[in-house]
Amino acid sequence: MRVDVRTALGGFDEDEVQSVRVEGRLIRADIDAMQHGAPPSSGIFGSVSRSVRARSHRFSPVRPTERAFFQPPGIGPGIGGLVERRDRIAHHTRHRKVGSMKIGIIGAGNIGGNLTRRLTALGDEESIANSRGPHTLTALAEKTGATPVTAAEAAQGARVVIVTIPVKAVPNLPAGFLDGAAEDVVVIDTGNYYPQERDGRFAAIEDGLPESRWTEEQIGHPVIKAFNGTYADDLLSKALPKGSPSRQAPPVAGDDSAAKQTVRDLIDELGFDTVDAGGLDESWRQQPGAPVYGNQGDADTVAKALAEASPERTAQWRA
């Protein structure tokens, strides 16, 4: 199924992602039936691509020549590959690391869900929350060992908290949700501002305030901007050992050098290099529409893309 860049970067709301997952399960059922000589029963083979295209139409690609391919969890590409699979990284036996961290993730969409899969596989202790409540996260918890909680509980005891929700949802985070976190908690913001398609107008961002600086002000705690231009499926499929040629290198921006290094080390464990994108006031360089947004290049390629960015927000990315 073909969905544009913003879907792979977490652009769909969680309910829309859930709908795609349901369609994926129906496809698998049809394939099982056909493999045993029976006709497909759901009628979804023709309808699923149309319905997904309809939902994704309002998420136009950043650059029309660079299309993203998103497969719902458990689905591989192509009709021949539409069979249930187990993510080879997420389903490895988990081994507790020495010095592993407790991590809270708020948001269980494309990015949040795949980070949960990867980080639990590395041995980190995860709490995961979404907008619909812990009871909707049972399947993800069973597969990963993460603990489903409310957003108010996600940061309890956490050394790292990942906020991976739509910009419009940030003001609705529970007051004091970081109160029970570790004293030196590092907060990662993966968000992107999509004013025309999802978030509506936020005057401060429209006036030039970097998106993550706005998020920082909303939650009252410094943030590190990371993963906002990362394809969700790359988290599962593109990890490489340190030193590998062409290892992807997402940019990381933030004001606290120690917090930034914590995030860069975590991303290295996930199988990716990083590029220091400067302080949070420079994080506009990695916002939607910038050359580095959706860039899957190595460190040199990403550094070049960051340098080529313009602070001007184009009409496509304004309300």
Side-chain angles (χ1 to χ4, degrees), residues 1-25 51-52 55-56 58-59 62 68-75 87 90 103-120 126-144 146-151 154-155 160-174 177 187-195 197-200 211-212 215 219 223 225-237 250 270 287-288 293-294:
M1 289 180 286
R2 299 191 179 195
V3 179
D4 66 57
V5 66
R6 281 178 244 181
T7 303
L9 297 175
F12 272 1
D13 293 334
E14 291 178 9
D15 289 340
E16 295 174 301
V17 173
Q18 183 64 23
S19 176
V20 175
R21 288 173 178 156
V22 170
E23 291 166 343
R25 288 195 294 272
S51 63
V52 171
R55 281 196 301 277
S56 65
R58 57 193 174 90
F59 293 94
V62 176
F69 297 89
F70 166 69
Q71 290 83 40
I75 298 294
D87 295 318
I103 299 175
I105 299 179
I106 300 176
N110 294 330
I111 293 292
N114 283 353
L115 283 173
T116 299
R117 294 177 177 91
R118 289 299 322 281
L119 291 169
T120 52
E126 307 295 318
S127 295
I128 178 74
N130 68 3
S131 60
R132 300 192 305 279
H135 65 284
T136 65
L137 296 168
T138 303
L140 180 62
E142 289 176 350
K143 290 179 180 179
T144 64
T147 301
V149 296
T150 65
V160 172
V161 174
I162 303 173
V163 178
T164 178
I165 60 178
V167 165
K168 68 178 181 180
V170 170
N172 299 324
L173 285 169
F177 75 98
V187 179
I188 301 173
D189 172 35
T190 79
N192 290 307
Y193 176 52
Y194 301 142
E197 300 85 356
R198 184 188 68 188
D199 295 314
E211 297 165 14
S212 287
T215 296
I219 68 174
V223 304
K225 188 177 189 70
F227 298 116
N228 75 292
T230 301
Y231 291 92
D233 196 53
D234 284 358
L235 293 170
L236 300 180
S237 61
L270 288 168
Q287 291 178 171
Y293 178 70

Just how far is it from atom CD1 of Ile162 to atom OG of Ser127, taken to the nearest 0.5 Å?
11.5 Å

Point-to-point distance, once rounded to the nearest 0.5 Å, from CG of Leu235 to CG of Asn110
10.0 Å

Would you say the side chain of Ile219 lies within less than 4.5 Å of the side chain of Val170, judging by non-hydrogen atoms?
yes

Side chain to side chain contact (heavy atoms under 4.5 Å, CB included) involving Ala141 - partner list, sequence neighbours excluded
Pro148

Given 3.5 Å as the limit, does a donor-acceptor pair link the side chain of Glu211 with the main chain of Gln287, or not?
no

Among Leu115, Ile105, Thr147, Leu140, which residue meets the side chain to side chain contact (heavy atoms under 4.5 Å, CB included) test with Glu126?
Ile105

Taking all non-hydrogen atoms of both residues into account, name the closest pair between Thr116 and Ala146 and its distance.
CG2-CB, 3.7 Å

Rounded to the nearest 0.5 Å, how far does OG1 of Thr138 lie from NZ of Lys143?
12.0 Å

If you measure from OH on Tyr194 to CG on Asp199, what distance do you get to the nearest 0.5 Å?
8.5 Å

What is the minimum heavy-atom distance between Tyr293 and Asn192, and which atoms define it?
CE1-ND2, 3.7 Å

Does any non-hydrogen side-chain atom of Ile188 lie less than 4.5 Å from one of Val163?
no

Here the pair of heavy atoms bringing Leu137 nearest to Ala108 is CD2-CB, 3.6 Å

Nearest 0.5 Å, please: how far is CG in Leu119 from OG1 in Thr144?
10.0 Å

Minimal non-hydrogen separation, Leu270 against Phe227, with atom names
CD1-CZ, 3.9 Å

Which residues share a side-chain hydrogen bond (donor to acceptor under 3.5 Å, both in side chains) with Asp234, sequence neighbours left out:
Gln248, Gln296

Rounded at 0.5 Å granularity, tell me how far CG in Leu236 sits from OH in Tyr231.
15.5 Å

Find out whether Ile165 and Leu173 are in side-chain contact, i.e. whether some heavy atom of one side chain is under 4.5 Å from a heavy atom of the other.
yes

Could you work out, with side-chain hydrogen bond (donor to acceptor under 3.5 Å, both in side chains) as the rule, every residue matching Ser212, not counting sequence neighbours?
Asp189, Lys225

Which residue, Asn228, Thr164, Thr230, forms the side chain to side chain donor-acceptor pair (under 3.5 Å) with Thr190?
Thr164

